[in-house]
Every structure is written in structure tokens, then in C-alpha cells.
Amino acid sequence: MKNDKINIVFFGTPEFALTSLENLYFDEKINISAVVTKPDALRGRKKILTESVVAAFAKSKNIPTLKPEKMKDENFLSELKSYKADFFVVVAYGKILPRQILDMPKYATINLHGSLLPEYRGAAPIQFALLNGDTETGVTTMILDDGMDTGDMLLKEEISVDIDDDYFSLSEKLANIGANLLNNTLKNFENIVPEKQNNEKATYTRIIEKKDGELDFNKSILENYNKIRALSMWPVAYMDFRGKTLKIFEADFEEKSNTVLGEIKMSKNTMEIGFKDGILIPKIVQLQGKKKMNISDFVNGNR
């Protein structure tokens, strides 16, 4: 491994994974034998069958791409084995790998996770860091085992979370530092001493549901603002407006004590929504049945 290229098979699906894949592809010390990604899916309003961004990149670079429906498919397992990988690298793939896959590479199956483990194990670490108003988060590389993000940790990197970070901006930051951390992990694997996770300090996330996006007037303005940040990709925070659903993609807020709960004020270019301890000031919205628009256009059409 010291003189030859590191031979890997990459598992990943969304934009977060693409950043790592690109970084690995352009690293002269790493060879990507194949890419494994989730099968093509119906996307967008018109439900067009679309391949993942990872699959599109792999195709553009003529990297063999596998899209198994089932992880234990014999043909898939046979082809995977034929690549004789030093490592399998997993970044937001979206499926659980069985033990027979985890044990296939020469050295290990390595995962990049979007939190400082053992915090935020599970499917939505970035969303939950924002929901909870964390001011710091980070990424961890780890050896995958049979548990849910319970494997031995390899390297970590911490970053600060800004108050105006949303899912998109924080995800991009973490993807960028994670991609570099992954490269360092692969190239220095022999010198890294794996560290056991402290299970007593573990916290867990869950899959985000559509109903999680509903703004809650019984909670603080900050909690609702954090919800808008965290769920800006999906399902997007929402509330009722004159009997229709109003999605709020971006907003500011002010903490105030003399607000009227649920009151909506609209002036020429702005909108203010009263919560028990402050006001929410939407910036980008979408009313049910309409296009997404900035708040001045929305207000002028709905006063």
C-alpha cells in the first residue's frame, strides 16, 4: 500500500457524497475501481427517472457503476469481490451494508459521518445539529461495523456553526472538510490508532418526516428559526396562511417580549409573524399552488 495506488470501491448517493468522490478521483494516490450508488429514482414534480449525482459523475469519468436493488444479490456480490479493493469507502450511501460486504476489502470499510461521534448517530446528523442550535459540529471517519454508526473512530475535524447557517451551507462545509479527512484517513490508515466510541455519551438522530416541518407557536422563536434552518432542503418549514400551506425557506428573527402570538403583520416589503418571545421575518416563501418567491413579491400579492 505504500508504493502502489490505494484501490477503493466508493459507496455514496447525494451531493454530500459527491464532494468526497470528486476529491478521491483527483488524488493521484487513489484508484477508484467502481462506484456503488442507489438505483435511479423518480424525482421532481414530473417524476422523471433520474440517476444520482454520484452515478452521473462516475459515468462521466467512465468508472464502473453498480446500482443494486438488494445488497445480497449474488451477481452484485461477485462483481464487488472481483475488484479486490483495499478499502470500501462509504459516504451517505443510504443502505445498510451486510457483514459479508463489510469484511470484503483487504483492510477495512471506512465511513465518513457528518457529526463528531458518538454524537448524532443515525440518518440526520446535520439536521439535528441545526435543530438543537449547536454552535459546533464536525465530521468523523470510522470503521463500519454491524451497528448504527458504532464503529471505531479514526479521525475527526471540528468546525463552528454560524447562526445563519442552514442545511445547505452547513452540509457544504462538512462535505468539504470531510472529503479531505477521508483522503487523510486512507493515506495514513496504517498509522491511525482506532478509538472505541463511548456508548454512554452517544446521541441518536432519526429520519426526518414531513410533519417535522410544521412551525410550533408553543415553542420559542429560536427553536422555530432553527427548524427553518435545519429543514431548508426537506421538508421545508411551514405554517398555515389563510387556509393554505406557506413554506418558509429562509427567515430572520428578533427576540421581543411584547409580541402577539400568531399575529401576522405585512407592510410594503416585509412580513412579521408573532411568537411568544419574538417575531419571525420570512425572506423566501412559497404559498401552496404558487412558485417560490422573495417576501416583497409575496407581500405585494397578498396584502
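Count residues from 1 along the sequence.
Ring to ring, F10 and F88 are not that close: their centroids are 6.0 angstrom or more apart. A distance below 6.0 Å separates the ring centres of F189 and F87.
When side chains are defined from C-beta on, P194 counts as touching L154, because their heavy atoms get closer than 4.5 Å. For the pair M233 and I126, the minimum side-chain heavy-atom distance is 4.5 Å or more. Looking only at side-chain heavy atoms (C-beta outward), Y167 and L231 stay at 4.5 Å or farther from each other. Between T137 and L170 the shortest side-chain heavy-atom distance falls below 4.5 Å. Taking the side chain as every heavy atom from C-beta outward, K210 and W234 approach each other to under 4.5 Å. Annotation: side chain of D212 is in contact with side chain of R206 (closest heavy-atom distance under 4.5 Å). Residues S20 and V89 fail the side-chain proximity criterion, which asks for heavy atoms closer than 4.5 Å. Residues K67 and D40 meet the side-chain proximity criterion, which asks for heavy atoms closer than 4.5 Å.
Expressed to the nearest 0.5 Å, how far CG of N224 lies from NZ of K276 amounts to 9.5 Å. Taken to the nearest 0.5 Å, the OG1 atom of T140 stands 7.0 Å off from the CE atom of M153. Note that CG of N180 and CG of L155 are 12.0 Å apart. Values are rounded to the nearest 0.5 Å. Between the CD atom in E272 and the CG atom in D252 there is a gap of 11.0 Å [rounded to 0.5 Å]. Rounding to the nearest 0.5 angstrom, the gap separating the OG1 atom in T141 from the CG atom in D152 is 11.5 Å. Between the OH atom of Y93 and the NZ atom of K38 there is a distance of 8.0 Å, given to the nearest 0.5 Å.
Judged purely by atom type and a 3.5 angstrom limit, D86 has no side-chain atom pairing as donor or acceptor with the backbone of I6. A distance-only check finds a donor-acceptor pair linking the side chain of T185 to the backbone of L181 [under 3.5 Å]. Remark: side-chain polar atoms of T205 are paired, donor with acceptor, to backbone N or O of A123 under 3.5 angstrom. Looking only at distances, no side-chain donor or acceptor of R121 sits under 3.5 Å from a matching main-chain atom of Y204. N31 places no side-chain N or O within 3.5 Å of a backbone atom of N7 that could act as its donor or acceptor partner. In this structure, the side chain of S60 does not engage the main chain of A58 through any donor-acceptor pair within 3.5 Å. Panel note: side chain N294, backbone I284; no donor-acceptor pair is recorded below 3.5 Å. In this structure, the side chain of N300 does not engage the main chain of D297 through any donor-acceptor pair within 3.5 Å. Without hydrogens or angle criteria, S78 side chain to N75 main chain gives no donor-acceptor distance under 3.5 Å. Within the 3.5 Å criterion, the main-chain N or O of L102 finds a donor-acceptor partner in the side chain of T109.
Around CG of L42, the count of heavy atoms belonging to other residues, nucleotides or ligands within 6.0 Å exceeds 12. With a 6.0 Å radius and a threshold of 12 heavy atoms from other residues, nucleotides or ligands, E172 has its CD atom at or below the threshold. Counting heavy atoms of neighbouring residues, nucleotides and ligands inside a 6.0 Å radius, atom CD1 of I96 does not exceed 12 of them.
Nearest heavy-atom pair across V54 and P14 is CG2-O, 3.9 Å. Scanning both residues, L174 and V139, for their nearest heavy atoms gives O-CG1, 3.6 Å. Scanning both residues, T270 and V299, for their nearest heavy atoms gives O-CG2, 3.5 Å. Between K227 and L131, the closest heavy-atom pair is CA-CD2, 3.8 Å. Pairing each heavy atom of N302 with each of M266, the nearest pair is O-CE, 3.4 Å. Across every non-hydrogen atom of I101 and M71, the tightest pair is CD1-O, 3.7 Å.
With respect to the salt-bridge test (charged N to carboxylate O, under 4.0 angstrom), the residues D4 and K29 do not qualify. Between K173 and D162, at least one side-chain N (NZ, or NE/NH1/NH2) sits under 4.0 Å from a carboxylate O, which counts as a salt bridge. Looking at K59 and E51, a side-chain N of the basic residue comes within less than 4.0 Å of a carboxylate O on the acidic one, giving a salt bridge. In summary, K256 and D277 do not engage in a salt bridge, as defined by a charged side-chain N under 4.0 Å from a carboxylate O. A salt bridge does not link D165 with R229: every distance from a Lys NZ or Arg NE/NH1/NH2 to an Asp or Glu carboxylate oxygen is 4.0 Å or more. Taking 4.0 Å as the cut-off between side-chain N and carboxylate O, R99 and D103 count as a salt-bridged pair.
Residues I63 and V90 do not share a hydrophobic cluster, defined by chaining ILVMFWY side chains whose heavy atoms lie under 4.5 Å apart. Under the 4.5 Å side-chain heavy-atom criterion for Ile, Leu, Val, Met, Phe, Trp and Tyr, I228 and I273 are members of the same hydrophobic cluster. Tracing side-chain contacts under 4.5 Å through hydrophobic residues (I, L, V, M, F, W, Y), one reaches L186 starting from L21; they form part of the same cluster. Linking Ile, Leu, Val, Met, Phe, Trp and Tyr residues whenever their side-chain heavy atoms come within less than 4.5 Å leaves I110 and M142 in two separate clusters. Both I159 and L182 are members of a single hydrophobic cluster when ILVMFWY side chains are connected at heavy-atom separations under 4.5 Å.
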Report the C-alpha distance between Y238 and L215 in whole Å, list the side-chain angles of each, state the deciding distance to 0.1 Å, and finish with yes or no for side chain to side chain contact (heavy atoms under 4.5 Å, CB included). CA-CA 6 Å; Y238 65 89; L215 295 179; over 6 Å; no
Would N132 and N226 count as a side chain to side chain donor-acceptor pair (under 3.5 Å) here? Give the steps. CA-CA 7 Å; N132 292 332; N226 287 340; over 6 Å; no
Could you go through T37 and S52, starting from their C-alpha distance and side-chain angles, then the distance that decides it, and tell me whether this counts as side chain to side chain donor-acceptor pair (under 3.5 Å)? CA-CA 7 Å; T37 190; S52 71; 2.8 Å; yes
Check step by step if side chain to side chain contact (heavy atoms under 4.5 Å, CB included) holds for I8 and L24. CA-CA 9 Å; I8 72 165; L24 292 165; 3.8 Å; yes
Tell me, with the steps shown, if K72 and Q100 meet side chain to side chain contact (heavy atoms under 4.5 Å, CB included). CA-CA 9 Å; K72 294 184 179 180; Q100 63 194 115; 3.8 Å; yes
If you apply the rule side chain to side chain contact (heavy atoms under 4.5 Å, CB included), what do you find for F26 with K61, and how did you get there? CA-CA 11 Å; F26 291 109; K61 304 301 181 186; 4.3 Å; yes
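Ring geometry, F275 versus F217: the interplanar angle falls under 30°, so the pair is classed parallel (tilted spans 30 to 60°). Between Y120 and F128, the two ring planes are tilted [angle within 30° to 60°].
F249 does not carry K283 over the face of its six-membered ring by the limits of under 6.0 Å from the centre and within 45° of the normal.
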